[in-house]
Trainee: 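Dropping a structure here in structure tokens format, bear with me for questions.
Every heavy atom of this structure was used, including side-chain atoms; hydrogens, water molecules and symmetry mates were not. In each ligand, atom 1 is the first atom listed, and ligand 1 is the first ligand listed.
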Amino acid sequence: MHLDQLKFSGWPHILNAKQFTRPWIEKALFPLSYKMETGFANIRHLLGGKEMFCVFSGESTRTRASFEIAMQRIGGGVPFTSPMAKLSSAIGKDESIADTVQTLSEYGGDVLVVRNDEGGHPLEVLAADLSVPIINAGDNAQKDKQHPSQALLDVYTIHRHLGVIDGLSVAMIGDLKNGRTVRSLCYILSKFQGVHIYLVSPPEFAIGDDIKQHLESHGVTFSEHVDLREVAHLADVFYQTRIQKNLGSKSWDRADESRGFTVINKKVLDLAKRNSIIMHPLPCNDEIVRCEVDPDPRAIYIKTKNGKPSQVRCGLFTRMALLATVVAPENACLLL
Ligand code: NCD
């Protein structure tokens with residue numbers, strides 16, 4: 001592959017799932033992620049000691065762990081990481097995320113991974129001034145809340161398990177109003193053909209009109225529902241989400257069926273297609289009845305029973321691919 005084909009709009013920053021094209025997803029992201037999964041000679045030296053700095057203002061397990069592990073697995077280093085930045089950095093002394101990010105970029109690293117759950121400066125504004133690539137690991141500071149690396153790992157997971165994206169029916173369930181993963185995933189799915197999205201949530205937690213307009217203008221059909229059982233037999237992918245309390249959502253009682261039915265349980269499994277998959281960006285609270293769903297081979301969020309990587313493992317491979325792409329593009333190109 002030629003270096004130019006590896007570059008996406010907004011290069012080298014990863015800020016919004018809108019940045020990526022279908023050819024880039026299919027010809028760069030999927031094969032690179034698969035290479036990371038299956039391994040190749042010198043994989044542990046791919047980045048030649050390049051450095052990543054992380055600032056996470058907001059809780060995280062998988063996103064931070066997988067970025068840090070990914071960097072080290074392919075020969076990079078993580079000399080600075082600030083989990084729970086309010087407790088571990090000057091953000092706790094009311095320093096702006098802008099000053100934190102600009103300070104780190106002065107230390108000359110090769111990529112900055114930032115989660116901003118606080119609000120304040122949108123990463124897109126910060127990135128405009130930075131020479132170091134910045135990766136949005138979950139941003140709550142702008143109206144268009146985004147989590148692009150999650151959506152890329154989600155689409156890789158779907159492709160890895162079902163082999164196609166075109167023509168799929170995807171049920172997105174839960175807090176669609178404040179969930180940034182569903183917003184980013186809608187952008188990514190809108191690049192494919194014949195996708196239908198079932199949006200399942202109580203009406204107060206419906207996805208934003210901006211996303212509905214985006215889907216309409218990109219030819220993605222969608223329908224809104226309050227009861228998952230109405231559409232469970234039609235979905236190829238179940239994408240469950242929790243209530244985003246940390247991003248401002250008020251809790252609702254999922255057991256109260258007058259608010260709708262948005263839980264994945266045995267009843268839903270009985271209705272679901274035999275070859276569907278059940279995904280969740282995690283963390284999971286009470287929206288999946290784990291003792292009923294975890295043993296089912298269709299549940300792929302943490303473990304699988306078919307030898308293919310789970311969604312969380314796909315996250316590691318996708319983030320290895322993304323880091324290689326922005327930090328060592330010449331080397332990444334040689335893999336394609
Ligand atoms: C998501 C997030 O932070 O937006 N988590 C994650 O990165 N996997 C989803 C969530 O917190 O519910």
Trainee: Going by the order shown, which atoms of ligand 1 are within less than 4.0 Å of some heavy atom of Arg180?
Mentor: 2 (C), 3 (O), 4 (O)
Trainee: Tell me: protein heavy atom nearest atom 9 (C) of ligand 1, and distance?
Mentor: Leu282 O, 3.7 Å
Trainee: Atoms of ligand 1 less than 4.0 Å from Thr63 heavy atoms?
Mentor: 6 (C), 7 (O)
Trainee: Can you tell me how the ring of His159 sits relative to the ring of Phe30, calling it parallel under 30°, perpendicular over 60° and tilted otherwise?
Mentor: parallel
Trainee: Looking only at heavy atoms, is any part of Thr241 under 4.0 Å from ligand 1, and if so is it the side chain, the backbone, or both, or is it neither?
Mentor: neither
Trainee: Any idea which atoms of ligand 1 are less than 4.0 Å away from a heavy-atom of Gln150?
Mentor: 6 (C), 7 (O), 8 (N)
Trainee: Contact between ligand 1 and Pro283 is defined here as a heavy atom of the residue under 4.0 Å from a ligand atom; is it met?
Mentor: yes
Trainee: Will you find, in the side chains of Arg183 and His147, an N or O donor that is under 3.5 Å from an N or O acceptor?
Mentor: no
Trainee: Less than 4.0 angstrom from a charged side-chain N to a carboxylate O is my criterion; do Arg180 and Asp139 meet it?
Mentor: no
Trainee: Would you tell me whether Gln311 and Asp154 have side-chain atoms, one donor and one acceptor, within less than 3.5 Å of each other?
Mentor: yes
Trainee: Are the charged groups of Lys267 and Asp270 less than 4.0 angstrom apart, N to O?
Mentor: no
Trainee: Regarding ligand 1, does Arg115 bring an N or O atom to under 3.5 Å of one of the ligand's N or O atoms?
Mentor: yes
Trainee: Would you kindly specify which portion of Arg62 sits under 4.0 Å from ligand 1, judged on non-hydrogen atoms: side chain, backbone, both or neither?
Mentor: neither
Trainee: Quick test of your reading of the model: are Asp166 and Arg22 salt-bridged, counting only N-O distances below 4.0 Å?
Mentor: yes
Trainee: Under 4.0 Å from a heavy atom of His147: give me the atoms of ligand 1 that qualify, with their elements.
Mentor: 2 (C), 4 (O), 6 (C), 7 (O)
Trainee: May I ask you to say whether Glu204 pairs ionically with Arg259, meaning some side-chain N is under 4.0 Å from a carboxylate O?
Mentor: yes
Trainee: For ligand 1, which atoms, with element, lie under 4.0 Å from some heavy atom of Pro281?
Mentor: 8 (N)
Trainee: Just need the protein heavy atom nearest to atom 12 (O) of ligand 1, so name the residue and atom and give the distance.
Mentor: Arg242 NE, 2.6 Å
Trainee: When you measure from the centre of the six-membered ring of Phe67, is the NZ or CZ of Arg319 closer than 6.0 Å and no more than 45° off the axis?
Mentor: yes
Trainee: Which atoms of ligand 1 have any heavy atom of Thr181 under 4.0 Å away?
Mentor: 1 (C), 4 (O), 9 (C)
